[in-house]
Student: 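Here's a structure for you.
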Amino acid sequence: MNPFAYERATAPEGAVHSLAADKNAKLLGGGTNLVDLMKQDVERPSTLIDITRLSALAHIEAVEGGHRVGALVRNSDLANDGDVRKTYPLLSQALLAGASAQLRNLATTGGNLMQRTRCYYFYDSALPACNKRAPGSGCGAVEGFNRVHAVLGQTDEGPAGAHTCIATNPSDMNVALAALHAVVEISGPKGKRTMPVREFHRLVGKTPQLDTNLQHDELITGVHLPASAAKFAANSYYLKARDRQSYAFALVSVAAGLEMDGGSIKSVALALGGVAHKPWTSEAAEKAMIGKPATEETFKAAAAAAMQGAKGYEHNAFKIELAKSCIVRAFTLAAQGTGNHGAEGAAA
Ligand code: SF4
């Protein structure tokens with residue numbers, strides 16, 4: 001591990017100031033991802049700014065228009081909060097499907113938003129090619145072992161391409177937040193701003209090294225959960241397909257929510273995990289369900305729309321059909337009002 005300085009922030013403004021003063025500084029929250037990456041010599045911050053004592057960022061509160069989740073709220077506290085379970089069960093289910101109980105007790109909401117890909121080539125600093133870790137070096141995954149990689153929205157210029165990256169965002173929480181139209185609250189040197197979760201994470205484009213649209217000198221202070229997302233509470237389901245039943249990242253995940261109006265679908269929440277560099281959303285798929293009955297035929301049409309343009313590789317082409325099946329299954333269970341606190345048992 002590289003030597004680094006350590007400082008403890010006593011106020012959000014101080015953390016922002018410290019970030020602005022050092023372009024190689026990083027924020028330390030739960031540390032469940034960053035510290036691993038530092039041990040692997042992938043992340044080499046010059047300074048760690050410890051924000052764990054910023055108690056103002058550690059609360060869940062009802063606010064006008066929904067709920068506010070502080071950036072330092074632990075994943076386990078968020079998943080098990082009574083209001084969240086009742087109003088946003090999809091989020092609770094997604095959190096409980098992620099990581100292990102021990103990790104959820106430490107990982108924070110802000111840190112989960114910033115979680116980096118689990119691409120094997122990114123994590124192994126002994127391997128030469130990874131545009132995300134070393135811009136311009138190429139991509140080891142595109143013609144390598146790419147089982148956990150993207151099938152939608154990736155940049156593929158071949159293994160030597162300077163922009164090629166087929167990595168996926170590994171978070172379960174981010175998928176539910178995208179489906180529910182949550183909004184990230186941000187503080188920076190120029191003041192406060194907000195950004196929808198659907199715009200917070202990036203597709204690769206020509207900048208594979210960047211995962212999000214957060215600037216270096218900005219601090220996530222919280223996440224706003226809109227009250228309007230409560231309309232999906234009765235009919236939602238988080239489905240996660242993975243290689244083993246616990247402590248595994250998604251091959252494909254689906255956050256599905258339906259608002260029913262009698263026998264027809266009034267509105268839809270949908271986001272996919274494990275298939276793209278960001279939680280994948282599809283307005284075409286959501287629109288394909290509006291006004292239709294909650295039937296397998298409707299869900300199959302939505303699945304086809306969501307996966308339009310997908311491209312697989314040697315080891316992950318199966319994800320395309322898997323994702324379609326998962327979308328149909330998730331909406332079928334959502335329509336039944338099955339809920340999904342069965343995910344708790346499968347998570348840790
Ligand atoms: Fe690196 Fe992205 Fe290629 Fe993985 S997929 S090796 S993260 S460039």
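Both ligands and their constituent atoms are indexed starting at 1 by order of listing. From a predicted model like this one, the values you see are computed outputs, not experimental measurements.
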Student: Counting distance only, does the side-chain N/O of H67 pair as donor-acceptor with the main-chain N or O of A227 below 3.5 Å?
Tutor: no
Student: State if T164 counts as touching ligand 1 under the rule of any non-hydrogen atom under 4.0 Å.
Tutor: yes
Student: Would you call the rings of Y120 and H149 parallel, tilted or perpendicular if under 30° counts as parallel and over 60° as perpendicular?
Tutor: perpendicular
Student: With a cut-off of 2.8 Å, which protein N/O/S atoms are close to atom 4 (Fe) of ligand 1, if we only count those under it?
Tutor: C119 SG
Student: Does a side chain donor of either N213 or R202 reach within less than 3.5 Å of an acceptor in the other side chain?
Tutor: yes
Student: Answer with yes or no whether the side chains of R44 and N2 bring together a donor and an acceptor at under 3.5 Å.
Tutor: yes
Student: Go through D211 and K132 one step at a time and tell me if the salt bridge (Lys or Arg N to Asp or Glu O under 4.0 Å) criterion holds.
Tutor: CA-CA 9 Å; D211 299 338; K132 187 175 283 297; 2.6 Å; yes
Student: More than 12 non-hydrogen atoms from neighbouring residues, nucleotides or ligands closer than 6.0 Å to CZ on R329, yes or no?
Tutor: no
